[in-house]
Amino acid sequence: MFNCNDLSLLNFTYYFKLSLGIIMTIIPVLVLELIFIKVIRLKEKKKKIDTKFIVKQLKTVFYTIVFFFLAYALNMAITSPNNKCNMYAKKDIIKEYKSSLKEVNDSDMTENSKVEYMEKVLITAYENYEKDDLNNKVKEKTTNNEKAKVVQINNKSDFLKENSDKTLNTVYVKNGVFYYQGYVSGNYNTYYGTHCPSNPLKEGYNNPYGYNNYFYNRLTKFIEDAGKNGYKITMSEQGCRSYQTQVYYYKTMTPGRAAPPGWSFHGLGIASDLEFYGGNGYPCPYGRTDNSCPSMGWAHRNAYKYGLVFPLLNASYKEDWHVEPVNKQSY
Ligand SMILES: [Zn+2]
């Protein structure tokens with residue numbers, strides 16, 4: 001499957017897009033300016049602007065327009081939503097990809113694990129890029145009052161004692177059970193529910209990454225306690241995945257791997273993809289086990305104490321990093 005998991009392809013797309021941008025903006029301006037200068041010179045010399053001159057300039061304009069539309073068409077073709085290279089060809093993403101590639105090449109991973117690892121790097125870098133993009137947009141719109149709300153989160157010691165019957169958009173928590181809005185079965189193509197409630201940031205999701213607050217509190221306590229035991233674990237900064245991102249995963253990932261749009265707990269802010277670190281300070285590479293990656297082993301063994309579960313440990317596409325609250329029920 002083509003997923004643009006290749007440094008040369010990413011670089012090529014980046015510079016190609018850059019060149020097209022230049023062709024479409026700078027060249028037409030330059031041509032018009034040159035014609036303008038020519039006309040002024042003729043006037044200065046008190047020469048007449050004859051038909052021959054006009055025809056010549058019109059020809060130049062015509063070719064410039066043709067050139068512009070060719071570049072425009074090419075640009076449209078490249079920026080099609082199915083072109084993964086275009087989505088990933090961003091400066092920050094390429095930079096991260098490049099540095100991870102170096103790390104992976106220096107490691108003793110098998111070729112297959114390298115490819116799989118780099119694919120995850122690419123997807124995560126894209127997620128972070130999107131998240132930053134969203135954060136910037138939210139920041140622009142957020143008033144000072146709302147900004148203060150983002151910092152104010154629930155008391156962490158209450159992480160297992162939620163007792164709220166207040167409906168918070170799509171997920172509410174009562175007696176430790178996470179109630180989420182059920183979807184019209186099998187009709188995810190027309191799904192239009194209030195997906196990703198933290199987008200923009202809303203009450204109940206006002207923690208740094210936009211997770212459901214109760215889930216965020218469990219996760220924070222879990223990660224803190226891992227740290228106290230000497231294990232480094234981090235949660236994904238994408239607290240709530242947008243519907244569009246889920247559509248993208250569903251379309252681009254191997255069938256069966258990503259949940260259909262509208263069906264992912266990531267879209268409700270009650271799932272997180274964790275990163276487990278080894279003793280060397282680097283994330284444990286693929287092909288890891290609870291023994292070879294002790295921080296992950298600790299997480300898998302202790303999650304239940306925090307009301308958390310890793311539901312995809314035995315799935316056909318094993319995701320040893322994906323964590324959710326243990327009690328969930330649709331309403
Ligand atoms: Zn996940």
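First listed ligand is number 1; within each ligand, the first listed atom is number 1.
Smallest separation of non-hydrogen atoms from Leu274 and Lys120: O-NZ, 4.4 Å.
At least one cation-pi condition fails for Lys328 and Tyr179: the charged atom is not both under 6.0 angstrom from the six-membered ring centre and inside a 45 degree cone around its axis. Note that Arg218 lies outside the cation-pi zone of Phe222, set by a 6.0 Å cut-off to the ring centre and a 45° limit from the axis.
Counting heavy atoms from C-beta on, the side chains of Trp321 and Glu275 never come closer than 4.5 Å.
Salt bridge annotation for Lys95-Asp92: absent, with no cationic side-chain nitrogen under 4.0 angstrom from a carboxylate oxygen. One finds no salt bridge joining Glu44 and Arg41 here, because no Lys/Arg side-chain nitrogen approaches an Asp/Glu carboxylate oxygen to under 4.0 Å.
Listed by chain and number, His266 NE2, Asp273 OD1, His322 ND1 are the protein N/O/S atoms closer than 2.8 Å to the Zn ion (ligand 1), with waters left out.
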